[in-house]
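Submitted below is the structure of interest, expressed as structure tokens.
The structure displayed is predicted, hence computed values, not measured ones.
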4 protein chains.
Amino acid sequence: MSPRTKEQVEEIRQRSRQQILKASLELFAHQGFHNTTISQIAKKAGVSKGLIYNYFSSKEDLVGGIIEEAMETGEEIMTTIKDQELDPWVAVDQSIDHIFILVQQNPVYWKMLTSLSFQEDILMKFEPLLRKQEFKNLEHLTDLVRRLGAKKPLMEAMYLSALLDGILLHYLHFKDKYPLEEMKEFLKAKTREIGK
Amino acid sequence: MSPRTKEQVEEIRQRSRQQILKASLELFAHQGFHNTTISQIAKKAGVSKGLIYNYFSSKEDLVGGIIEEAMETGEEIMTTIKDQELDPWVAVDQSIDHIFILVQQNPVYWKMLTSLSFQEDILMKFEPLLRKQEFKNLEHLTDLVRRLGAKKPLMEAMYLSALLDGILLHYLHFKDKYPLEEMKEFLKAKTREIGK
Amino acid sequence: MSPRTKEQVEEIRQRSRQQILKASLELFAHQGFHNTTISQIAKKAGVSKGLIYNYFSSKEDLVGGIIEEAMETGEEIMTTIKDQELDPWVAVDQSIDHIFILVQQNPVYWKMLTSLSFQEDILMKFEPLLRKQEFKNLEHLTDLVRRLGAKKPLMEAMYLSALLDGILLHYLHFKDKYPLEEMKEFLKAKTREIGK
Amino acid sequence: MSPRTKEQVEEIRQRSRQQILKASLELFAHQGFHNTTISQIAKKAGVSKGLIYNYFSSKEDLVGGIIEEAMETGEEIMTTIKDQELDPWVAVDQSIDHIFILVQQNPVYWKMLTSLSFQEDILMKFEPLLRKQEFKNLEHLTDLVRRLGAKKPLMEAMYLSALLDGILLHYLHFKDKYPLEEMKEFLKAKTREIGK
DNA sequence: CATGAATGAGCATTCATTCAT
DNA sequence: CATGAATGAATGCTCATTCAT
């Protein structure tokens with residue numbers, strides 16, 4: 001008889017919103033943004049087409065929602081590492097672990113993101129958001145390799161960055177057939193050469 | 001008014017065909033396959049929409065045409081290297097040069113290809129064609145590093161492959177702002193460590 | 001928590017109903033019926049979408065509600081005049097005043113009504129209601145001008161009627177920039193010619 | 001075998017364009033802009049939905065097309081009158097005739113226009129176009145009545161303008177049941193009073 | 001009495017493809 | 001060989017209406 005409480009409403013909203021975001025993410029990642037229809041998302045999320053527009057103002061806005069959410073989660077993991085003062089070799093290993101964990105936890109997100117980075121129309125709208133992140137990461141890497149005694153820290157960091165993205169790329173394509181763990185250890189071993 | 005000769009007709013055909021392929025490639029690379037319209041291609045190629053269907057049976061078929069053409073060119077360069085018997089260190093440098101040249105000569109093609117590799121619907125149709133190429137490349141790399149005395153040739157090759165693709169990825173995004181040449185030399189220097 | 005009395009409930013009902021009608025009227029008048037959404041009405045009225053359907057069975061029914069209410073108010077003013085026995089010149093002036101007052105008191109209503117008269121789908125449902133009113137007005141005017149000694153009372157009445165509607169039309173468009181009062185006096189002066 | 005000539009294409013285009021404009025005008029006039037669908041227009045025009053967008057960029061653009069076309073036709077008639085030097089009484093009669101002819105020739109257009117003037121969203125986009133016309137008309141009327149010796153030419157012109165619009169309004173509603181010709185003569189007779 | 005999440009039919013618009021010339 | 005008018009299925013998005021609470 002009486003209307004739902006604010007809390008009930010908010011919970012319902014969050015559940016629907018999550019379902020929609022999850023479905024969008026998966027479809028965008030596998031089919032690409034422009035090849036995914038709202039109807040597909042609605043069906044996969046188990047809601048009506050109309051409901052999607054109760055939570056997101058447009059198809060593009062879904063991308064924004066996905067990125068925002070992933071960044072929040074990513075931020076959390078990041079901070080746990082950053083605060084600690086560490087031996088540089090340990091820090092490098094931890095950073096590598098961190099990146100691999102991030103990717104392994106949510107490979108679909110990274111697939112979507114990489115895919116999106118080739119869609120210039122969409123990219124344009126979210127570039128500021130993403131570039132900042134990118135820059136922070138490169139800065140972090142540069143700092144790390146400098147502490148390892150690299151002679152050309154920036155080059156070394158860019159090299160490492162390309163390597164990580166390359167591994168990510170291959171992992172995203174081959175999925176479980178890719179020896180990600182082995183690659184990680186191989187990579188860690190390689191970093192031992194830096195500064196020598 | 002006089003009837004054109006067979007050769008003239010064939011030449012006209014080839015020119016139109018090339019214009020269409022070139023326009024398609026550029027648009028697919030920058031906007032993505034599904035976000036590019038036949039009208040855009042026709043306009044950019046300076047031909048009518050109808051003409052495109054004289055040369056290609058569908059939008060997808062354009063992708064096929066692009067890939068085929070690029071493979072032919074790629075093949076040529078490849079063979080010039082393969083045939084020569086070389087000191088492994090020189091061979092590695094040459095292979096690296098070769099890859100970088102390929103990318104620098106036609107970055108748009110590689111951009112389109114990478115972009116396409118995230119469009120599973122399109123990928124599916126051209127996967128066999130591409131996977132074969134991929135496998136050959138990995139085989140070639142494995143062979144190279146083995147001759148350099150690598151302890152784990154396959155891992156080393158995969159590592160190198162990821163690295164190359166990572167650099168490619170970054171180059172495709174940052175274009176002329178990316179220090180590609182410097183990166184190449186840095187990479188060559190790194191390969192000196194292999195086998196030690 | 002204590003149960004509301006019948007009167008309280010009724011008062012609440014009436015207030016909500018009025019708010020909804022007021023919001024509808026204004027939006028219909030300015031945006032047109034088909035370009036106004038229930039959501040807009042709900043927002044402007046400060047109620048939920050659902051509540052509107054507690055009082056009105058459909059969007060169209062809102063129009064019915066608006067017209068009914070306006071007719072009731074119009075009726076009241078009308079009767080105060082009709083009953084009095086008057087010198088015809090005074091009666092004409094009073095009738096003109098009456099019409100102008102009606103419009104000035106609720107211009108939005110007249111705007112909506114005129115707008116609606118061009119929406120044949122809506123008009124159809126309320127035509128009987130409106131035509132009756134129209135006819136009564138024309139009859140009243142005919143009677144007046146006949147008492148003024150007009151030679152062609154019906155033509156004169158139609159002429160006057162067109163004039164009044166024309167002035168109304170212009171007033172509704174130009175709002176406060178329109179010299180309505182001046183026009184009224186000008187019109188009254190013109191009526192002095194009738195019957196001469 | 002050979003493609004159509006420029007002229008053939010242009011003729012085909014004009015025919016299709018006219019069919020679409022005609023259908024749009026009629027539907028907009030009777031059902032209102034927002035209550036008319038592109039499908040209805042396509043069906044009435046005997047073309048596909050898609051074709052409409054080959055000629056007009058949007059539903060709104062159709063309104064623009066209609067207005068432009070009507071203005072061109074209107075302009076022609078206007079000029080034939082304006083140029084002649086005339087006895088003012090004859091000029092008034094001619095102007096009145098002209099307006100009535102315009103309306104009688106294309107009542108649907110005037111219905112649409114009046115209807116549209118209540119759709120503020122659409123009006124906004126075409127107001128500049130229409131206001132200019134309006135102003136020119138009022139100016140013309142003012143000039144006319146001044147030459148007739150009116151004491152308050154502007155008021156007299158506004159009065160006349162309202163009258164004309166009122167008659168138009170009634171005519172548009174009652175169509176053939178409205179004694180338009182009789183009204184015109186009655187109106188002309190009334191103008192004889194001006195300046196006395 | 002009151003809320004707003006949810007639905008789905010319907011809308012404006014796009015676009016690959018066809019075909020008459 | 002070449003054109004572009006024409007089609008219509010499909011898409012993103014809107015909105016009146018319902019209903020559980």
Side-chain angles (χ1 to χ4, degrees), chain A residues 1-6 8-10 12-13 15-17 34-42 47-60, chain B residues 3-4 8-10 12-13 15-16 34-42 47-60, chain C residues 3-4 8-10 12-13 15-16 34-42 47-60 62, chain D residues 1-6 8-10 12-13 15-17 34-42 47-60 62:
Chain A
M1 277 297 160
S2 48
R4 278 176 277 231
T5 66
K6 277 264 163 58
Q8 284 173 314
V9 165
E10 191 52 31
I12 290 174
R13 284 187 71 85
R15 186 161 43 238
S16 291
R17 199 172 186 277
H34 289 292
N35 198 32
T36 298
T37 72
I38 293 287
S39 286
Q40 288 174 326
I41 296 172
V47 301
S48 69
K49 267 185 301 184
L51 191 64
I52 295 179
Y53 290 90
N54 262 353
Y55 298 100
F56 302 93
S57 63
S58 70
K59 198 178 155 186
E60 275 183 11
Chain B
R4 281 175 281 231
Q8 283 176 316
V9 165
E10 188 54 28
I12 290 173
R13 280 190 70 86
R15 189 164 39 241
S16 290
H34 289 291
N35 197 33
T36 297
T37 73
I38 294 285
S39 287
Q40 287 175 325
I41 295 171
V47 301
S48 71
K49 268 187 298 190
L51 192 62
I52 295 179
Y53 287 88
N54 258 343
Y55 298 104
F56 303 93
S57 64
S58 70
K59 196 178 160 188
E60 276 184 7
Chain C
R4 280 176 281 230
Q8 282 175 319
V9 165
E10 188 54 26
I12 290 173
R13 280 189 71 85
R15 187 162 44 237
S16 290
H34 289 291
N35 198 32
T36 297
T37 71
I38 293 286
S39 287
Q40 287 175 325
I41 295 171
V47 301
S48 70
K49 270 188 297 193
L51 191 62
I52 294 178
Y53 287 88
N54 258 343
Y55 298 103
F56 303 94
S57 64
S58 70
K59 197 178 160 188
E60 276 183 9
L62 282 166
Chain D
M1 275 299 160
S2 46
R4 278 176 278 230
T5 66
K6 278 264 162 60
Q8 284 175 314
V9 165
E10 190 52 30
I12 290 173
R13 284 187 70 85
R15 188 162 42 240
S16 291
R17 199 170 185 278
H34 289 291
N35 197 34
T36 298
T37 72
I38 293 288
S39 285
Q40 288 175 326
I41 295 172
V47 301
S48 70
K49 266 184 302 183
L51 192 64
I52 295 178
Y53 289 90
N54 262 353
Y55 299 99
F56 302 94
S57 64
S58 69
K59 197 178 158 187
E60 274 183 11
L62 282 167

message: Can you identify which nucleotide, out of dT13(E), dA5(E), dG8(F), has its nearest atom closest to the Lys59(D) side chain?
response: dT13(E)
query: Rounded to the nearest 0.5 Å, how far apart are CG of Asn54(D) and OG of Ser48(D)?
result: 8.0 Å
message: Under 4.0 Å, counting only non-hydrogen atoms across every strand here, what does Leu51(B) touch: a base, just sugar-phosphate, or nothing?
response: base
- prompt: Which nucleotide, dA16(E), dA16(F), dA2(E), lies nearest any side-chain atom of Tyr55(C)?
  reply: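 Side chain of Tyr55(C) sits closest to dA2(E).
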field: Contact nearer the 5' end of DNA chain F, comparing Ser48(B) with Ser48(D)
entry: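 Per heavy-atom nearest nucleotide, the more 5' residue is Ser48(B).
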- request: By nearest nucleotide on DNA chain F, pick out whichever of Lys6(D) and Thr37(A) is the more 5' one.
  value: Lys6(D)
query: From the list dA6(F), dT17(E), dT7(F), which nucleotide is the closest neighbour of the side chain of Ser58(B)?
result: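 From the listed options, dT17(E) comes nearest.
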- prompt: Across the strands shown, which category fits Ile38(C) at heavy-atom distances under 4.0 angstrom: base, sugar-phosphate, nothing?
  reply: base
message: So Phe56(C), base contact, sugar-phosphate only, or nothing? Heavy-atom distance under 4.0 Å.
response: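 Since no nucleic acid heavy atom lies under 4.0 Å of Phe56(C), the category is nothing.
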query: What's the spacing between Leu51(D) CG and Arg17(D) CZ if we round to 0.5 Å?
result: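 Leu51(D) atom CG to Arg17(D) atom CZ measures 12.0 Å (nearest 0.5 Å).
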- request: Could you tell me the separation between the OG1 atom of Thr5(A) and the CD atom of Glu10(A), rounded to the nearest 0.5 Å?
  value: 10.5 Å
task: Side chain of Tyr53(A) only, please: which of dG12(F), dA12(E), dT17(E) is the nearest?
output: dG12(F)
message: Considering every strand and a 4.0 Å limit on heavy-atom distances, what is the contact class for Ser57(B): base, sugar-phosphate, or nothing?
response: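 Result for Ser57(B) = nothing.
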query: Just how far is it from atom OG of Ser58(D) to atom CD1 of Ile38(D), taken to the nearest 0.5 Å?
result: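 That separation rounds to 8.0 Å.
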message: Between Ser16(A) and dA6(E), is there a contact of a side-chain N or O with OP1 or OP2 at under 4.0 Å?
response: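 So the side-chain polar atoms of Ser16(A) do come within 4.0 Å of the phosphate oxygens OP1 or OP2 of dA6(E), strictly under.
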Base-paired stems in DNA chain E, each at least three Watson-Crick or G-U pairs under 3.5 Å: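 So the stems come out as E:2-21 with F:2-21.
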message: Looking at every non-hydrogen atom in both residues, tell me the closest pair between His34(C) and His34(D) and how far apart they are.
response: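 The pair with the smallest heavy-atom distance is CB-CB, 3.9 Å.
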